Amino acid sequence: MIWDDNEDIRLVSCENLSRDIQDNLNECREERRPYVFITNTMRQITSLSRILVPVTMLEEEVYKAEICTYLARKTGARLILLPANDKGSHARQNLNRIITHIQQVAERTGESIQYEVAEAKKDSFGLTREATERQRDFGHQLLLLTASREYGLDDILFGPPERKAIRHSQVPVMLINPRADLFSLCD
């Protein structure tokens, strides 16, 4: 495939087969910009009114704030923030940092950015799966996830969580690679 490096977001269209998805995930591992997976089994989306944003304990989750705020501003979509139900406070701290960013951008631009906080049942390790399973509960048209930092042995043997999310999602899945030099969307 030929990709245009001047685009803000990379679109990946593939069959809903583990091998096809994994091949494309491998190709996107060094991608600095967000990328959206669309498979042949996902329902067609005509408008973007709700974006589901799971928030785990990992520090790179905070980068989602910039992406989801940008998307909400440009599309008018409502953000559904889903913090992990962890015993520790890292997921809640990440959630608070994301909310602070949303409020600062709304104040600076004078735009109304709608968001709500939903309660997750699972911890950070099961949140991606829960977000995929509860699609009917939230009625969202896009799922925003952070890709795995590194593939461990379990990811190599059984597949990374993002591949499973893409395979089972009924809506497009946007992924962000956790890197120090990430791409920043411009207004």
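Both backbone and side-chain heavy atoms feed into the values below; hydrogens, waters and symmetry mates do not. Not measured: the values here are computed from a predicted model. We number each residue from 1, following the sequence as shown.
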Any Lys/Arg nitrogen of E60 or R97 sitting under 4.0 Å from an Asp/Glu carboxylate oxygen of the other? no

Is any side-chain heavy atom of I113 closer than 4.5 Å to a side-chain heavy atom of R73? yes

Do R167 and N16 pass the side chain to side chain contact (heavy atoms under 4.5 Å, CB included) test, and can you show the C-alpha distance, the side-chain angles, and the key distance before you say yes or no? CA-CA 6 Å; R167 282 226 356 112; N16 192 12; 3.7 Å; yes

Between CD on residue E66 and OH on residue Y70, distance to nearest 0.5 Å: 10.5 Å

Please report the C-alpha distance between K164 and T128 in whole Å, then the side-chain angles of each, then the deciding distance to 0.1 Å, and finally whether the side chain to side chain contact (heavy atoms under 4.5 Å, CB included) criterion is met. CA-CA 9 Å; K164 295 172 189 166; T128 298; over 6 Å; no

If every non-hydrogen atom of M57 is compared with every non-hydrogen atom of D86, which pair is closest and at what distance? CB-OD2, 3.7 Å

Using a strict threshold of under 4.0 Å (side-chain N to carboxylate O), is an ion pair present between E116 and R50? yes

Could you measure the distance from the NE2 atom of H101 to the CD1 atom of I99? Nearest 0.5 Å is fine. 12.5 Å

Could you tell me which non-hydrogen atom of M42 sits nearest to which non-hydrogen atom of S169, and how far apart they are? CG-O, 3.6 Å

Could you pull out the closest heavy-atom pair between V36 and P172, with the gap in Å? CG1-CB, 3.8 Å

Is it true that the side chains of E31 and N177 contain a donor and an acceptor less than 3.5 Å apart? no

Could you check if a side-chain atom of D8 sits within less than 4.5 angstrom of a side-chain atom of R33, using non-hydrogen atoms only? no

Approximate separation, where rounding is to 0.5 Å, of L95 CG and Y115 OH: 8.5 Å

Looking at V171 and Q141, what are the two nearest heavy atoms and their distance? CB-O, 3.6 Å

d(T109 OG1, E111 CD) to nearest 0.5 Å is 4.0 Å

Distance check, rounded to the nearest 0.5 Å: Y63 atom OH versus L144 atom CG? 10.0 Å

If you compare all heavy atoms of L58 against all heavy atoms of N94, which two are closest, and at what distance to 0.1 Å? O-ND2, 2.9 Å

Just so I know, are the side chains of F37 and L25 near enough to count as touching, which here means a heavy-atom distance under 4.5 Å? yes

Residue from L127, L143, I166 passing side chain to side chain contact (heavy atoms under 4.5 Å, CB included) with T132: L143

Looking at K121 and E130, is there a salt bridge between them, counting it only when a charged N and a carboxylate O are closer than 4.0 Å? no

Working to the nearest 0.5 angstrom, can you tell me the gap between E162 CD and L175 CG? 6.0 Å

Return the minimal non-hydrogen interatomic distance between P161 and S148, and the atom names on each side. CD-OG, 3.7 Å

